[in-house]
Amino acid sequence: MNRSSTADEPFNLSAPQPADEDAPLWRVAVPTPLRKLYDYLPPVALTAEQCARVTPGVRVKVSFGRQQLIGVVVDCDAQSDFQRSKLKPVLELLDNDSVFSADIERLCHWISRYYQYGLGEVMSNALPVLLRKGRSVSAQVKRWRLTTNGKGLPEGALRGAKKQALLLALLQRGEQSPETLKEQGISAAISRAMVDKGLIEQVLIDEALAVPSAPLPATLRQSALTLNAQQQRALDEVPDTGFAPTLLQGVTGSGKTEVYLQLIHRQLEAGRQALVLVPEIGLTPQTQQRFIDRFDCPVAMLHSAMSDTARLEVWRRARVGQLGIVIGTRSALFTPLPQLGIIIVDEEHDGSFKQLEGVRYNARDAAVVRAKDCAIPIVLGSATPSLESLHNAQQGRYRHLELLERAGGAEPPAVQLVDVRQQNMHEGMSGELLEAMREELQRGRQVLLFLNRRGYSPSLMCHQCGWCADCHNCDAKLTVHLKPRQLHCHHCDSRYAIPAACPNCHSGNLLGEGIGTERSQRALEQLFPAVPVLRVDRDTVSRRGELDELLAEVHSGEPCILVGTQMLAKGHHFPDVTLVAIVDADAGFFSSDFRGSERISQLLVQVAGRAGRAEHRGRVLVQTHHPEHLLMRQLLEQGYHAVAQSLLAERQVLGLPPCGYLVMVRADARHEQLAEQMLARLRDALQGLAGSEVTWVGPMPALMVRRQGRFRAQIMLRSGSRGLLAQLAGAVVGWLEADAEARKMRWSIDVDPQDTL
DNA sequence: AGCACGCCGACT
DNA sequence: GTCGGCGTGCTC
Ligand SMILES: [Zn+2]
Ligand SMILES: [Zn+2]
């Protein structure tokens, strides 16, 4: 494709003018947060006939303001109310066919509409990074072929030059790869000579066209396991075709994965593919390995640690049907699969399916929409389902299947509260906990400690006057780190030296307040000098692979203590760990976010499931200052299901999700009050629109008002009617885009927010 | 979001 | 005198 070289030169008056003033325009979704589509003239290099063959979904390079961007044509037969003489031409057409399959294109439209983000930004999210940058959709391979002149030669021409005649004969049969020609003894010099004669040429063609893909094998590499009655029932209940959302609730070790594998096998046998969505850090090679071990067909992963090239390669193979199974994190939702047969969302309760910046979509919810659109089954699996999915099941929207039997009849670990009130604590650990640890370690077992704070301690305080080290950019305390020795703001990433004396009273008596993983590790190293203490958090495992190295040591089975954050709670099973401790469960249960209790309950159940095996039962100690707390008691005595029912009842009363719907609007500005004032005007302007069906909560300052030097505020919309709220969300965005003050600050809209803080 | 333009304070 | 912070406006 040729690019127009004249588009940007205003003095060039001879720039080609469109012959027809009514000629159709191209409407382009440009990757910008602006929620608009932009009209362009078709590229000047294209004839009307060529234009007519262009279909929506092709990528184009356009001049946008002073920059060049790659967008997606959403309509190539548009009329514009924009002044025609002001339209710019498309600079370059990048594709012959749509980059989106029909289902992905519809999914983009749905996400754009439901989450209130521009189609351009959504479509950009839906494409691999390299495609956003203009890389071609198919891998390109080199082929030799005859030029028009070459085609004019009769068969048996070029008698005089034997090798050239051979090359001619080969190419008269069709295009040939450089490799084939080499095998036939055609040297570079021969080709060169023929090129010089203008008889042959080298072209790049799509790999997909060059190598027609064979049907994938549906055979098993490893035979399926025998299912218990509940697993079998689950397998029977999920149909092969038709939209059928299913919540598969299975306690850890109940064999959810085996059900997934057998459901997928049925799809492979029917010549269809499967998409498996997994949480961000739950993605261990072990997950992939079970799928690879089971099936002969190609299985591929998609996750954030992969290179852009590797991700593009998976996308390309998936698109042409070369992959039977794609397993991936959030953005794998957009993987094109020609005959998608089933979607599995594993650990569906996990928060990482929701994108927290940019287009704030929930991949689990969008996956349900994709499955509905494709009329295929979708399985949401978890030991601790989200209240959303439980509610959907109870409302009859999802089928609810339970797996209650643990394989091999292993007993669930015993969970026990440790009342730490008035106890002598040693670096956050009670005597009871330390004693239990000592016992297990002496037996040669492993111990796992959860502590949701990185660093040495979450704040630095002057013991003399109470001064506390805080960030210059944020309303936040600085975390003390000893390795490397510095104060670190976890909110804006700024770093400071640890002062030798208090800047307020000059006392040298500065103390770390509170316990982080680093501090806990140090304390444990002193208490148990004979046992390795491994720390797993973002500071120790920043690289991917580091975690696996660390875990390899754990899986050797030698006694050790693992100290870690949430990071440890996902995906990994530790068969030799017989004691798990939650160092501080209170933070979760008393969180000011409405999902706090749900999350901590899920965490407790999940970590309990991580420990022990059939031959030695694990136990879980939960340290708390509130052993009488109703939910905590209920969780221990009656299990997750009972807690979930209590929480659902509570949400019902409060009109919170899933019994009501939320939209959060956040704004920040350089100066205090500005954001809050703007949100107040937003409320005043739109409050009348929805009446009493919608509750406006706020505006209010964010929990941390100042962050990265900006002052933040938020307002929440709550309603029992999803439709009404969606409509209002549209009005909110419209108002924000039009308001002169709002345009000067940063704002974002979050439909179905994960957090309300 | 980028990106450029324009304005005012402070330094090589 | 310029360099650069940031407030403002625009993107078919
Ligand atoms: Zn002091
Ligand atoms: Zn900060």
Once you apply a heavy-atom cut-off of 4.0 Å, does [X] come out as touching a base, just sugar-phosphate, or nothing?
X        : answer
A:Arg746 : sugar-phosphate
A:Tyr40  : sugar-phosphate
A:Lys36  : nothing

Is there a donor in the side chain of [X] and an acceptor in the side chain of [Y], or the other way round, less than 3.5 Å apart?
X        : Y        : answer
A:Asp103 : A:Ser101 : yes
A:Glu280 : A:Ser304 : yes
A:Glu49  : A:Thr47  : no
A:Asp593 : A:Thr756 : yes

With a 4.0 angstrom cut-off to heavy atoms of chain A, pull out the first and last contacting nucleotide of DNA chain B, in 5'-to-3' order.
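That gives a stretch of B:dA1 to B:dA4.
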Along DNA chain B (nearest heavy atom to each residue), the more 5'-positioned of A:Thr32 and A:Arg66:
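The residue mapped nearer the 5' terminus is A:Thr32.
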Under 6.0 Å between ring centres: does that hold for A:Tyr496 and A:His488?
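Distance test on ring centres: not under 6.0 Å, no.
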I'd like to know whether the aromatic ring centres of A:Phe334 and A:Trp315 sit less than 6.0 Å apart in this structure.
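No, the ring centres sit 6.0 Å or more apart.
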Candidate list A:Arg710, A:Arg706, A:Arg707, test side chain to side chain donor-acceptor pair (under 3.5 Å), partner A:Asp668, passing option:
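Of the listed options, the one satisfying the test is A:Arg710.
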Would you kindly compare A:Gln67 and A:Arg670 by the position of their nearest DNA chain C nucleotide and give the one closer to the 5′ end?
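Going by which nucleotide is closer to the 5' end, it is A:Arg670.
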For DNA chain C, note the earliest and the latest nucleotide, 5' to 3', having some atom under 4.0 Å of a heavy atom belonging to chain A.
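Boundary nucleotides touching chain A, in 5' to 3' order, are C:dG7 to C:dC12.
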Axial cation check for A:Phe711 ring with A:Arg670, 6.0 Å and 45° limits
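No.
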